[in-house]
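Taking it in order: structure first as structure tokens, then the write-up.
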Number of protein chains: 2
Amino acid sequence: MGLQDTLRALADPIRRDILSLLKTGPLSAGDICSHFSVTAAAISRHLSVLKEADLIRDHREGKFIYYELNTSVLEEIMFWITELKGDRDDA
Amino acid sequence: MGLQDTLRALADPIRRDILSLLKTGPLSAGDICSHFSVTAAAISRHLSVLKEADLIRDHREGKFIYYELNTSVLEEIMFWITELKGDRDDA
DNA sequence: TTAACAATTAACTTAATTGTTAATTGAAGT
DNA sequence: ACTTCAATTAACAATTAAGTTAATTGTTAA
């Protein structure tokens with residue numbers, strides 16, 4: 001966890017697309033897979049990277065595992081960028 | 001250029017530290033190197049990644065090449081995050 | 001032109017990431 | 001218990017990334 005994990009997770013286009021997919025609400029791993037042309041195993045690993053960064057949360061419902069977005073850790077990036085830009089009032 | 005390059009560039013702690021160093025103003029490659037415990041060649045490559053992402057600009061002054069921060073491309077990340085968080089009025 | 005210095009580029013090594021297929025875990029139904 | 005389906009984990013191949021040392025480019029000054 002932390003800024004490093006968050007940025008690393010965001011540095012992959014598939015992972016960003018997964019997050020965008022989850023914008024409208026939780027989806028099962030299978031649902032997510034169906035949007036991509038890579039194998040389920042590959043998506044599963046992307047999901048684990050996103051989960052490690054706490055960008056998504058998961059919960060099982062019967063056979064399905066649902067993933068949902070957690071945007072709270074994005075605040076840290078916003079803060080880092082803001083301070084890099086100078087935290088000035090006049091911006 | 002684009003979001004992908006920007007995020008990839010930010011996904012490395014040394015590169016983020018370089019950007020932070022440049023917050024106060026331009027520095028030569030040598031000045032930047034002196035803050036890190038890796039070789040000048042390694043820093044030079046980090047600088048080229050940052051430049052490719054347009055996060056820094058460089059200009060030569062005699063023997064020295066000075067680097068300075070360019071924060072404008074960070075807007076794109078801010079926008080992407082904001083829209084991911086839902087662009088709602090109530091936030 | 002040669003020497004000295006700043007910085008980059010080249011060549012190479014090692015470690016990390018991404019993808020594949022095959023095997024495994026977990027839950028539901030027969 | 002056995003099968004089936006959803007999803008993950010394991011094992012491996014291929015690519016990318018980051019670091020090193022050595023060689024090269026560019027600039028200044030003798």
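Atom set for the values below is all heavy atoms of this structure, side chains included, hydrogens, waters and symmetry mates excluded. Proteins get letters first, then strands, A, B, ... in listed order; numbering begins at 1 in each.
Judged by distance alone, the side chains of Asp31(A) and Ser34(A) never bring a donor and an acceptor atom under 3.5 Å apart.
The shortest distance between side-chain heavy atoms of Asp58(B) and Lys51(B) falls below 4.5 Å. Annotation: side chain of Leu21(B) is in contact with side chain of His35(B) (closest heavy-atom distance under 4.5 Å). Taking 4.5 Å as the limit, some side-chain heavy atom of Leu74(B) sits within range of a side-chain heavy atom of Leu55(B). No side-chain heavy atom of Ser28(B) sits less than 4.5 Å from a side-chain heavy atom of Ile65(B). Using a 4.5 Å heavy-atom cutoff, the side chains of Asp17(A) and Phe36(A) are in contact.
Taking atom CD of Glu52(B) as the reference point, atom C1' of dA17(D) lies 13 Å away to the nearest angstrom. When rounded to the nearest whole Å, the span between CD1 of Ile65(A) and P of dA28(C) equals 12 Å. Whole-Å rounding puts the Phe64(B) CZ to dC5(C) P distance at 11 Å. Protein atom OH of Tyr66(B) is 11 Å distant from nucleotide atom P of dA6(C), rounded to whole Å. In this entry the distance linking CG of Leu47(A) with P of dA6(D) reads 16 Å, nearest Å.
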Counting primed atoms plus P, OP1 and OP2 as sugar-phosphate and everything else as base, spell out the protein contacts along nucleotides 18-30 of chain D at 4.0 Å heavy-atom distance: B, S or - for each nucleotide, 5' to 3'. BBBB----SBS--

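Listed by first and then second residue, the side-chain hydrogen bond (donor to acceptor under 3.5 Å, both in side chains) pairs involving residues 3-13 of chain B are Arg16(A)-Gln4(B) (not counting sequence neighbours).
Remark: Ser28(A) is in phosphate contact with dA7(D), judged by side-chain N or O atoms under 4.0 Å from OP1 or OP2.
Base-pairing analysis of DNA chain D finds the following stems of at least three consecutive Watson-Crick or G-U pairs, with both pairing distances under 3.5 Å: C:1-30 with D:1-30.
Under a 4.0 Å N-O distance rule, the pair Glu75(A)/Lys85(B) qualifies as a salt bridge.
Among the atoms of the strands shown, none is found under 4.0 Å from any heavy atom of Ser48(B).
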